[in-house]
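Below is one structure; the comments refer to it alone.
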Amino acid sequence: MGFGDLKTPAGLKVLNDFLADKSYIEGYVPSQADVAVFDALSGPPSADLCHALRWYNHISSYQKEKSSLPGVKKPLGQYGPAGVEDATSAESKDDDDDIDLFGSDDEESEEAKKLKEERLAAYNAKKAKKPAIIAKSSILLDVKPWDDETDMVKLEECVRSIQMDGLLWGSSKLVPVGYGIKKLQIQCVVEDDKVGTDQLEEQITAFEDYVQSMDVAAFNKI
Amino acid sequence: MALRELSSLEKSLGLKKPNKYSTQGDKKVPVLQSNNGPSLTGLVTIATHLVREANRPELLGSTAEQRAVVQQWLEYRVTKLDNCPKEEIKTILQDLNQYLEDKVYMAGDTFTLADTLMYYGIHRIMVDLAVQEKEKHANVSRWFDHVQHYPGVRHHLPLLVVLRNRLYTSGHH
């Protein structure tokens, strides 16, 4: 989790992407999560980061009631998309002390508070241990040769020679299409963030001596 | 349709006793029958009246400009969005997408009646959109998803899933 360093263009880009389909950092109303991230910025994002800028302008309209917004401020590294290295963990770890989960619950007994804190700490520890889930997809590709004289063994070799980070080739078979022509059906597993079908298609059709065309026959999220 | 919308609006405004409505003509224009005084006709007229009755004037806009913008979108809803022919949907979505790029709500930074009514109005269009089209109009989808989760708005309509599919990464702005 986290946006990386929000003072750098890279961090702002992550924020911009994150906000493309969201109005707030968390949930559907402004909260301390927004304030925390807002405060981490050094100024309004540039105009080409339209989503980040829209959010920035929107949050600045809450400037006056900033402290009364709901929620609890968490360390900055706990917001944002999964899978981005937390760049802030070193500086702000231990501010569990001023946690006040529901705003103004003064009658809360000392014991209950302690219990809550313990659970929260345990939860955070558990969460930290769990690795971020990587979205993967299983894709079935149809690779079609030019004619019945195309060397299918060589074709498969070429396809399997494509290597990318996050790409894993699986089983394959030859399926007759007619007139003695066979197409290659090959399974592969990709990490969604790293490999796209466009990329695959580009690379496979690059072997133009063997490959006439390539289709995605099936696409399943795992 | 419009009647269910008005009763949802009543609920979200927290009005205690439901009003009586009927419809008029082929287009089913809603009419509000009141015990004292003349009846009110038309979705926007009734909705605006309900907001005033609930004593929530901020939903009609808090500055003069915002009030004007809210009014504009309410008008847009009944004149453009309702009964719009299929071939115009694309243009409407494109326009909205561009408009919403730098806005969180229809009328800027606060939630207004324009959001509620535009949401009710555009829901039937969003239902039919393919994932790819939702992705293409990312700003509309974001606004839509936001409003449908906004406390108390979505009553009679089913929740739509708006998710970002990383398959179509090209060209969303």
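So you know, we letter chains A, B, ... as the sequences are listed, proteins then strands, and number each from 1.
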Is the [atom1] atom of [X] crowded by more than 12 outside heavy atoms at less than 6.0 Å?
X: A:Lys13; atom1: NZ; value: no
X: A:Glu208; atom1: CD; value: no
X: A:Lys7; atom1: NZ; value: yes
X: B:Glu87; atom1: CD; value: yes
X: A:Gln212; atom1: CD; value: yes

### Task
Identify which of B:Val104, B:Val147, B:Asp102, B:Thr110 forms the greatest number of heavy-atom pairs closer than 4.5 Å to chain A.
B:Val104
### Task
Hey, could you give me the CG/NE2 distance between B:Asn139 and A:His51, rounded to the nearest 0.5 Å?
5.0 Å
### Message
So, taking the atom named OG in A:Ser60 and the one named CG in B:Asp109, what distance separates them when rounded to the nearest 0.5 Å?
### Response
7.0 Å
### Query
Between B:Glu101 and A:Arg54, which heavy-atom pair has the shortest distance, and what is it?
O-NH1, 3.1 Å
### Task
Please look at B:Tyr105 and chain A and tell me whether the side chain, the backbone, both or neither of the residue comes under 4.5 angstrom of a heavy atom of that chain.
side chain
### Task
Flag the pair B:Arg142 / A:Leu19 as yes when at least one side-chain heavy-atom distance between them is below 4.5 Å, and no otherwise.
no
### Query
With a 4.5 Å limit on heavy-atom distance, are the side chains of A:Tyr28 and B:Gln148 in contact?
no
### Task
Specify whether A:Tyr24 and B:His146 have parallel, tilted or perpendicular ring planes, treating 30° as the upper limit for parallel and 60° as the lower limit for perpendicular.
perpendicular
### Task
Please name all residues satisfying side-chain hydrogen bond (donor to acceptor under 3.5 Å, both in side chains) with B:Glu58, sequence neighbours left out, ordered by chain then number.
B:Arg56
### Query
What residue in A:Ser61, A:Gly27, A:Gly196 has the most heavy-atom pairs under 4.5 Å with chain B?
A:Ser61
Can I get a per-line list of side-chain donor-acceptor pairs under 3.5 Å for residues 47-55 of chain B, giving both atom names and the distance, sequence neighbours left out?
| unit_1 | atom_1 | unit_2 | atom_2 | d |
| --- | --- | --- | --- | --- |
| B:Thr48 | OG1 | B:Val44 | O | 2.5 |
| B:His49 | NE2 | B:Glu53 | OE2 | 3.4 |

